[in-house]
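Structure, as structure tokens:
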Amino acid sequence: MDKRIITDAIEFVKKTFHDDYSGHDYFHTLRVYKMAARIAQQENADLFIVQLAALLHDVDDIKLSPETYANKDKAVGFLRKHDVSEATIKMICDIIGEVSFRGTDSIAPETIEGKCVQDADRLDAMGAIGIARAFAYGGSHNRIIHDPEMKPAVNMNGEKYQSHISTSINHFYEKLFQLKDMMNTSTAAKIAQRREDYMKSFVAEFLDEWDGIL
Ligand code: ADP
Ligand code: NI
């Protein structure tokens, strides 16, 4: 029965994200699902909760579905339809509520299951894939790639982080280079180190090319 819900959840997110070009496509959710399961196995977390929360973590995202964000209507509707207990639904909703990066207002999840899902979501914003997603998101939100006159803002709270207009290169300083030290599990921290090194060399190369050095 657990297997069937997971298969249905994969189908559900495939339908939900079929027309997303902002870096939140179905494959983002699928990668988070697989990475969260990998971390959960290392960390002895409840695999079923982690898999379901990972699959549903973006269906009621405030940017993608503002009308269902507050009550997580899509996630709750899916889980109720599959007769998941109210206690499990609450656990999953709490995990989804804690997952997002919100600058200095970011939350470290209470449960090991929440830690696995948050780490997996954040790892997907890092490394080669993170670089691709940052520019895809920037383009789809009319952000320019880089402007040397616009300096990155640091220590933004959640509200400032959401409303701040910036460039895609600044996003590395404003979020992506902070993620490694925010990992909850040692399994994810190791993967984050490699991905951060890769992003740092990319940005260094980018800025040298910009300055005509390379
Ligand atoms: P998630 O909901 O998966 O935690 P976000 O919604 O914050 O992540 O962002 C989705 C993707 O777009 C991530 O890879 C993120 O780093 C990137 N992104 C978010 N905000 C910006 C931005 N202002 N500029 C460039 N990329 C961004
Ligand atoms: Ni996500």
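We count ligands from 1, going down the list as the structure has it; atoms in each ligand are counted the same way.
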Regarding [X] and [Y], is there a side-chain donor-to-acceptor distance under 3.5 Å anywhere?
| X | Y | answer |
| --- | --- | --- |
| Thr185 | Gln42 | no |
| Ser65 | Lys74 | yes |
| Asn184 | Asp119 | yes |

Which single N/O/S atom of Asp58 lies at minimum distance from the Ni ion (ligand 2)?
->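 Atom name of the closest N, O or S in Asp58: OD2.
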
Okay, side chain of Gln118, backbone of Ile107: is any donor-acceptor separation there less than 3.5 Å?
->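 Present.
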
For the side chain of Glu174 and the backbone of Ala153, is there at least one donor-acceptor N/O pair under 3.5 Å apart?
->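 Flag set: sc Glu174 to bb Ala153 pair under 3.5 Å.
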
For ligand 1, the residues whose heavy atoms come within less than 4.0 Å (ordered by chain, then number) =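 Around ligand 1, where the cutoff is 4.0 Å for heavy atoms, the contacting residues are His24, His28, Asp58, Asp61, Lys63, Asp121, Ala125, Arg133, Ala134, Tyr137, Arg143, Tyr161, His171, Lys175, Leu176.
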
Stepwise, does the side-chain hydrogen bond (donor to acceptor under 3.5 Å, both in side chains) test hold for Thr68 with Asp60?
-> CA-CA 6 Å; Thr68 69; Asp60 297 298; 2.6 Å; yes

With the Ni ion (ligand 2) at the apex, how many degrees lie between OD1 of Asp121 and NE2 of His57, rounded to 10 degrees?
->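 Computed angle, vertex at the Ni ion (ligand 2), rounded to 10 degrees: 90°.
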
Do any pairs count as a side-chain hydrogen bond (donor to acceptor under 3.5 Å, both in side chains) and have a residue in residues 46-59, sequence neighbours left out, and if so which ones?
->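 Of all non-adjacent pairs touching residues 46-59, those that pass side-chain hydrogen bond (donor to acceptor under 3.5 Å, both in side chains) are His28-His57, His28-Asp58, His57-Asp121.
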
